[in-house]
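Below is one structure; the comments refer to it alone.
All values derive from a computational prediction rather than experimental measurement. Naming convention: chains lettered A, B, ... in sequence-line order (proteins, then strands); numbering from 1 in each chain.
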Number of protein chains: 2
Amino acid sequence: MHSTAEENYIKAIYKLSGGGANAVSTTALSETLETKPASVSDMLRKLSAKDLVHYVKYYGVQLTEEGKRVALKIIRKHRLWEVFLVQKLHFTWDEVHEVAEQMEHVKSELLIQRLDEFLGHPRVDPHGDPIPSEAGELRQEEQRVLSSLAVEQKGVVCRVKDSQPAFLQYLNKVGIQIGSQLQVVDKIPYDNSLEISIDKNRSVILSSDVLEKIFVINP
Amino acid sequence: MHSTAEENYIKAIYKLSGGGANAVSTTALSETLETKPASVSDMLRKLSAKDLVHYVKYYGVQLTEEGKRVALKIIRKHRLWEVFLVQKLHFTWDEVHEVAEQMEHVKSELLIQRLDEFLGHPRVDPHGDPIPSEAGELRQEEQRVLSSLAVEQKGVVCRVKDSQPAFLQYLNKVGIQIGSQLQVVDKIPYDNSLEISIDKNRSVILSSDVLEKIFVINP
DNA sequence: AAATAAATTTAGGCAAACCTAAACTTTTAT
DNA sequence: ATAAAAGTTTAGGTTTGCCTAAATTTATTT
């Protein structure tokens with residue numbers, strides 16, 4: 001398998017290239033990885049020898065198909081662990097990253113399969129970013145703002161656009177979190193607020209202010 | 001902090017020394033760590049410089065108090081992850097070790113605190129070995145063989161002394177696993193079998209053969 | 001278009017953690 | 001008690017992944 005350092009380079013290339021599309025420069029990598037450009041050149045030569053990247057000196061680097069596959073696997077692991085940390089261990093968003101960064105390098109197919117199952121096959125991580133499938137497919141699902149749903153329509157919370165503690169606490173109290181199943185029960189035309197049922201067992205009326213900050217994907 | 005390699009040495013010394021009591025030889029370490037004796041000498045010099053071990057050349061090595069503290073922390077992490085893997089992700093005993101071996105090196109105090117909480121502060125791992133407390137205390141709880149309990153007495157299963165599949169399957173079928181709450185309901189003097197209630201919701205009669213293979217700690 | 005600036009690579013080193021081979025202690029056997 | 005055997009350490013090497021400094025290539029100015 002690949003070393004932790006190699007995995008971090010691949011992940012960084014994936015992110016900086018926007019999903020493997022564009023070429024990435026040595027300095028860009030050195031900045032996100034917090035190493036010197038010389039070290040990056042070094043590693044790119046190695047990754048190239050392993051056919052994980054296409055590397056053209058002085059020009060830039062891109063992931064090969066194999067490189068992309070590896071990148072998506074790491075991202076899948078990272079995001080599944082983030083879901084675990086937030087949903088099961090009640091980590092806050094800012095506490096999550098540092099730990100997931102370590103867990104993503106644990107090697108075990110079985111572990112990830114089972115974790116995925118345990119978490120109920122989540123499709124997005126706590127930041128609302130999509131989780132690649134076991135087959136390595138990452139489809140960015142269409143996200144709609146909650147205020148745009150009509151009566152009767154359903155959605156799964158995938159992103160919240162305000163990370164102020166007061167707002168997060170409010171959502172917490174109401175019982176809304178990433179992954180919650182919502183359905184619009186009724187619309188109050190007077191002020192555009194909506195009555196929303198949460199996970200089929202309770203309902204609240206959300207002001208249009210709040211509705212604008214919550215995003216959902218299709219169930 | 002300490003590197004993964006250092007942590008593995010410390011853990012190995014702890015185990016081979018029987019909890020830090022006796023001195024450990026270079027070859028013993030080289031065997032459990034699957035490295036050459038020369039590499040062990042190398043590392044012992046380093047650990048000694050960090051005051052994690054008392055190292056006397058040609059004689060052997062022992063953990064310092066600090067070394068023991070570190071060892072217990074690692075063991076705590078390892079065992080908590082084992083509980084997680086078995087209880088939550090349904091790993092079998094033999095699948096557990098390799099993965100826990102990796103997870104135990106993830107660095108985060110918060111992670112372990114929360115994991116412990118999430119698992120309900122378990123006191124033993126799936127093999128029945130005790131889990132060191134957050135303060136680093138490992139109290140070897142008194143283990144009694146199930147056959148020694150009197151009527152009305154309770155115990156929590158902490159160890160099973162027969163790992164033949166047939167026996168484990170039998171226990172599984174009956175509903176006994178590590179952590180099960182047992183209570184002696186009745187004693188049948190004729191053949192020393194006992195009627196045992198399991199987790200307060202069912203009861204079985206166990207032969208003295210079986211009773212001899214199950215160990216419990218106080219609830 | 002030449003000169004300067006910026007980015008990148010190469011060369012040579014370092015620390016960690018391993019290795020083999022040789023030297024040294026300790027133990028065991030004669 | 002001494003020689004052989006066993007165990008341990010030291011010396012010198014390797015690989016990985018990082019570093020600095022110098023050389024090289026590409027981009028930007030004038």
E117(B) vs H90(A), test: side chain to side chain contact (heavy atoms under 4.5 Å, CB included). Steps then yes/no. CA-CA 11 Å; E117(B) 214 173 302; H90(A) 311 299; 5.8 Å; no

Measure from [atom1] on [X] to [atom2] on [N] and round the result to the nearest Å.
{"X": "K50(B)", "N": "dA16(C)", "atom1": "NZ", "atom2": "P", "answer": "7 Å"}
{"X": "L29(B)", "N": "dC18(C)", "atom1": "CG", "atom2": "P", "answer": "12 Å"}
{"X": "E34(B)", "N": "dA17(C)", "atom1": "CD", "atom2": "P", "answer": "18 Å"}
{"X": "K36(B)", "N": "dA11(D)", "atom1": "NZ", "atom2": "C1'", "answer": "18 Å"}
{"X": "L33(B)", "N": "dC19(C)", "atom1": "CG", "atom2": "P", "answer": "10 Å"}

Out of dC18(C), dC18(D), dG17(D), whichever nucleotide has its closest atom nearest the side chain of S3(A):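 My answer, after comparing the listed nucleotides, is dG17(D).
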
Would you indicate which nucleotide in dT9(D), dG17(D), dT24(D) comes nearest to any side-chain atom of Y58(A)?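 Comparing dT9(D), dG17(D), dT24(D) against the side chain of Y58(A), the answer is dT24(D).
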
Only one of R159(A), K15(A), R76(A) forms a salt bridge (Lys or Arg N to Asp or Glu O under 4.0 Å) with D129(A), so which one is it?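 It is R159(A), the one option of R159(A), K15(A), R76(A) that forms the salt bridge (Lys or Arg N to Asp or Glu O under 4.0 Å) with D129(A).
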
With a 4.0 Å cutoff (strictly under), does any side-chain N or O of [X] reach OP1 or OP2 of [N]?
{"X": "Y59(A)", "N": "dT9(C)", "answer": "no"}
{"X": "T35(B)", "N": "dA17(C)", "answer": "no"}
{"X": "Y9(A)", "N": "dT16(D)", "answer": "no"}
{"X": "K57(B)", "N": "dG7(D)", "answer": "no"}

Close residues, residues 38-46 of chain B, relative to DNA chain C [heavy-atom separation under 4.0 Å]: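 Of all residues in residues 38-46 of chain B, the ones placing a heavy atom under 4.0 Å from DNA chain C are A38(B), S39(B), D42(B), M43(B), K46(B).
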
Set out, in order, the CA-CA distance, both residues' side-chain angles and the distance that settles side chain to side chain contact (heavy atoms under 4.5 Å, CB included) for I214(A) and L171(A), then state yes or no. CA-CA 10 Å; I214(A) 298 173; L171(A) 291 183; 3.9 Å; yes

What orientation do W81(B) and W81(A) show, parallel under 30°, tilted 30 to 60°, or perpendicular over 60°? perpendicular

Decide whether D94(B) and T92(B) meet the rule of one side-chain donor and one side-chain acceptor closer than 3.5 Å. yes

Can you confirm whether the side chains of D125(B) and H78(B) place a donor and an acceptor under 3.5 Å from each other? no

Row check, F118(A) ring normal vs K88(A) NZ/CZ: under 6.0 Å, within 45°: yes

